[in-house]
Amino acid sequence: MCGIVGAIAKRNITPILIEGLRRLEYRGYDSAGVAVLVPGKGIQRTRAVGKVIELENALAKEPVQCHLGIAHTRWATHGKPAERNAHPHLSERLAIVHNGIIENHGPLRKRLTDLGYTFTSETDTEVVAHLLAHHYKEKPDLLCAFRSTLAELHGAYALGVIHQDEPDTLYCARMGSPLVIGEGSEERFVASDPLALLQVTDQFIYLEEGDHARLSLEGRDIWNRRNLPVEYPVLRYEHAALSLDKGEYRHYMLKEIHEQPSAIANTLEGTLAEDHVLTAVLGPDAETRLQDIQNIHIVACGTSYHAGLVARYWIEEQAGLPCQVEVASEYRYRQVAVPGNTLLITISQSGETADTLAALRHSKQQGYLASLAICNVAGSSLVREADWRLLTKAGPEIGVASTKAFTTQLTALLWFSTALAQTNNRAPEMISANVRALRTLPGLVEQALYLDGRIEQLAATFANKQHALFLGRGTHYPIAMEGALKLKEISYIHAEAYAAGELKHGPLALVDEDMPVVSIAPSDSLLEKLKSNLQEVRARGGQLINFACETAELDNGDGITHIHLPPASDSISPIVYSIPLQLLSYHVALVKGTDVDKPRNLAKSVTVE
Ligand code: M6R
């Protein structure tokens with residue numbers, strides 16, 4: 001997804017802009033650009049298709065010292081990846097960068113063309129540049145012109161603007177796309193993600209929807225959508241101390257897989273007592289508020305949706321509450337029947353996923369009791385707009401493929417299910433068993449990571465496969481779905497997951513010696529049922545790769561590989577079994593030589609619809 005960095009400082013800001021773009025590379029992009037105000041020369045723009053390094057090389061040809069600038073990584077939506085479509089876009093003496101989509105760009109483009117403006121790109125963004133220039137021409141007051149421009153835009157935007165006539169000012173605005181202001185000492189920055197600015201500050205102001213701001217060396221002015229001045233606290237970025245480099249690891253994904261024991265332990269910190277969970281983590285009156293909940297709706301996308309699917313089993317079985325789970329892109333456009341006293345849970349690593357955020361906003365008119373955001377980013381839009389929040393403490397996740405975000409979401413959801421069970425006076429033994437299991441979880445995940453070498457050997461067998469099936473039952477069915485998503489996402493092998501009992505209703509027709517079938521076979525109450533399903537696969541010559549506990553006593557034979565996991569109690573088993581599936585997709589991707597951390601066509605944080 002697109003990324004924005006902007007800076008105003010006494011020092012030369014070009015290296016800060018470039019480093020900021022580099023830190024946003026993980027989000028996915030196809031071109032990059034920078035516009036700086038060069039004293040005595042005006043705005044100088046440089047753009048390049050491809051990686052940030054191409055832009056850096058282009059800038060190195062003509063190095064300049066400058067103190068005001070904006071930069072951007074573009075992920076194509078309107079107009080193909082090409083230099084002419086890359087940001088910043090210029091109009092007369094101004095430059096802008098934009099994340100999001102301007103929905104009324106068509107009529108605006110027509111009007112501006114009729115007014116004599118010439119378009120050099122196919123983007124919706126260039127419309128904003130010309131519109132701002134037009135308003136400025138009508139009334140040469142940049143703040144007024146900026147406000148008139150914002151008032152005409154429909155859709156989503158985060159914007160950064162510089163103008164030659166105001167060499168000491170950086171303007172920005174947000175509506176539907178995230179934007180933060182970074183506070184330095186007599187210098188200020190703006191970015192779509194605080195990660196871009198951790199090189200220069202750990203102090204941030206999170207703009208709210210509809211806000212616009214003017215930044216200078218001396219200070220900042222922020223106004224809301226009604227143009228009224230607003231003040232926000234400056235917040236310290238919590239994960240700033242965490243290393244953002246790959247360290248000893250070859251890829252961020254591998255590093256993040258290996259960080260899971262500590263990420264899970266951090267997520268649980270301060271949430272567990274001896275034999276019960278500490279519901280006060282949810283706020284001072286949590287106990288009373290939890291008592292009112294009679295139904296749960298969960299809404300999320302991608303991997304976070306899979307975490308919700310696992311949670312449905314826990315919430316219905318452990319807390320005895322009806323629970324339904326839906327992808328946000330569907331939920332946001334339908335009229336939901338909401339029974340009384342229903343809690344809406346949104347789950348998101350980034351807290352900025354456009355569909356999930358829109359689903360939360362849509363829910364506000366649907367009569368929910370309250371909303372809870374389970375999220376990894378404390379200052380994100382989702383967290384700020386939800387009634388309650390439960391933060392996962394995975395730390396920054398850079399690899400596009402979600403790993404530690406997923407297992408910490410599951411950890412938080414199991415904790416929340418236990419909290420609901422506790423409030424509803426469900427069996428105390430079950431609650432204390434969950435608490436014990438959660439305590440053992442970081443250690444078991446650590447043990448599962450020892451399988452790395454064994455899985456690396458196995459990966460070669462996938463090298464020339466076109467398809468794979470993943471099977472699971474119960475809570476491990478969504479884990480199979482997540483395993484299939486991981487394999488698709490980073491190795492580009494087509495993979496599908498089925499509830500193993502569904503195999504005979506159609507997908508069995510696909511099974512032959514070219515079809516690897518991955519089964520998740522923990523020793524639970526459904527194991528015997530699963531064994532019958534696996535026999536159906538072997539009878540058709542399918543290659544079986546079983547992730548199972550040593551005690552599972554699965555059939556041996558040609559074409560069957562077993563990978564043994566440590567015994568784990570039923571509640572935490574889906575979290576433990578996620579680990580070898582992450583490692584499998586990672587090693588298959590290595591064999592296939594794909595770009596593990598930045599798979600093709602994908603973005604880390606999907607901030608457009
Ligand atoms: O930040 P979110 O958790 O809201 O992101 C949702 C999905 O885009 C995300 O989980 C995606 O499916 C991952 N790349 C999968 O690994």
Side-chain angles (χ1 to χ4, degrees), residues 1 26-28 75 177-178 192-193 195 251-254 256-257 260 263 267 298-311 325-332 345-361 372-383 385-386 389-392 394-413 470 478-492 495 497 578-579 581-586 588-589 594-609:
M1 280 303 110
Y26 76 96
R27 294 162 65 100
W75 191 74
S177 283
S192 48
D193 183 331
L195 284 182
H251 294 100
Y252 280 111
M253 182 182 180
L254 188 62
E256 287 155 6
I257 288 174
Q260 289 178 105
T267 299
I298 300 180
V299 179
C301 301
T303 290
S304 301
Y305 166 68
H306 294 156
L309 289 176
V310 177
V325 191
E326 189 166 353
V327 286
S329 52
E330 286 298 313
Y331 173 94
R332 63 181 287 189
I345 303 181
T346 50
I347 310 170
S348 173
Q349 186 287 127
S350 59
E352 302 294 351
T353 301
D355 284 324
T356 310
L357 205 47
L360 173 63
R361 289 170 185 162
L372 164 70
I374 297 185
C375 188
N376 195 38
V377 181
S380 63
S381 306
L382 200 72
V383 168
E385 293 185 28
R389 55 213 49 104
L390 184 54
L391 293 179
T392 52
E397 192 181 65
I398 307 291
V400 163
S402 180
T403 53
K404 60 177 180 171
F406 179 58
T407 49
T408 53
Q409 285 167 349
L410 289 174
T411 304
L413 285 159
F470 285 67
I479 298 303
M481 294 168 81
E482 174 60 12
L485 177 65
K486 286 282 92 81
L487 192 69
K488 277 192 270 234
E489 197 176 19
I490 60 166
S491 75
Y492 316 150
S578 303
I579 309 300
L581 300 183
Q582 296 169 350
L583 289 168
L584 179 66
S585 65
Y586 175 75
V588 174
T594 58
D595 189 345
V596 172
D597 285 332
K598 287 175 249 155
R600 69 184 181 201
N601 307 339
L602 297 182
K604 178 65 183 165
S605 183
V606 186
T607 51
V608 293
E609 191 176 352

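Here, residue 1 is the first one in the sequence, and each next residue gets the next number. Indexing begins at 1, ligand by ligand and atom by atom, following the structure's order. Note that the structure is predicted; figures quoted are calculated from it, not measured.
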Less than 3.5 Å apart, N/O on ligand 1 and N/O on the protein: could you list those pairs with the distances?
{"unit_1": "ligand 1", "atom_1": "1 (O)", "unit_2": "S348", "atom_2": "OG", "d": "3.4"}
{"unit_1": "ligand 1", "atom_1": "1 (O)", "unit_2": "Q349", "atom_2": "N", "d": "3.4"}
{"unit_1": "ligand 1", "atom_1": "1 (O)", "unit_2": "S350", "atom_2": "N", "d": "2.9"}
{"unit_1": "ligand 1", "atom_1": "1 (O)", "unit_2": "S350", "atom_2": "OG", "d": "2.7"}
{"unit_1": "ligand 1", "atom_1": "1 (O)", "unit_2": "T353", "atom_2": "OG1", "d": "3.3"}
{"unit_1": "ligand 1", "atom_1": "3 (O)", "unit_2": "S304", "atom_2": "OG", "d": "2.6"}
{"unit_1": "ligand 1", "atom_1": "3 (O)", "unit_2": "Q349", "atom_2": "N", "d": "2.7"}
{"unit_1": "ligand 1", "atom_1": "4 (O)", "unit_2": "S348", "atom_2": "OG", "d": "2.6"}
{"unit_1": "ligand 1", "atom_1": "4 (O)", "unit_2": "T353", "atom_2": "OG1", "d": "2.5"}
{"unit_1": "ligand 1", "atom_1": "5 (O)", "unit_2": "T353", "atom_2": "OG1", "d": "3.4"}
{"unit_1": "ligand 1", "atom_1": "10 (O)", "unit_2": "T303", "atom_2": "N", "d": "3.1"}
{"unit_1": "ligand 1", "atom_1": "12 (O)", "unit_2": "T303", "atom_2": "N", "d": "3.3"}
{"unit_1": "ligand 1", "atom_1": "14 (N)", "unit_2": "V400", "atom_2": "O", "d": "3.0"}
{"unit_1": "ligand 1", "atom_1": "14 (N)", "unit_2": "E489", "atom_2": "OE2", "d": "2.6"}
{"unit_1": "ligand 1", "atom_1": "16 (O)", "unit_2": "T303", "atom_2": "OG1", "d": "3.2"}
{"unit_1": "ligand 1", "atom_1": "16 (O)", "unit_2": "S402", "atom_2": "N", "d": "2.8"}
{"unit_1": "ligand 1", "atom_1": "16 (O)", "unit_2": "K486", "atom_2": "NZ", "d": "3.0"}
{"unit_1": "ligand 1", "atom_1": "16 (O)", "unit_2": "E489", "atom_2": "OE1", "d": "2.8"}
{"unit_1": "ligand 1", "atom_1": "16 (O)", "unit_2": "E489", "atom_2": "OE2", "d": "2.9"}

Any donor-acceptor N/O pair, T392 side chain to C375 backbone, under 3.5 Å: yes
According to salt bridge (Lys or Arg N to Asp or Glu O under 4.0 Å), does anything in residues 350-359 pair up with another residue at least two apart or in another chain? List the pairs. R332-D355
Residue list, salt bridge (charged side-chain N to carboxylate O under 4.0 Å, His left out) with E489, at least two apart or on another chain: K486
Any idea which heavy atoms bring A394 and T408 closest together, and the distance? CB-OG1, 3.7 Å
Holding to ring pair (Phe, Tyr, Trp, His ring centres under 6.0 Å), I want the full list of residues that pass it with Y305, two or more places apart in sequence or in another chain. none
Using a strict threshold of under 4.0 Å (side-chain N to carboxylate O), is an ion pair present between E397 and K404? no
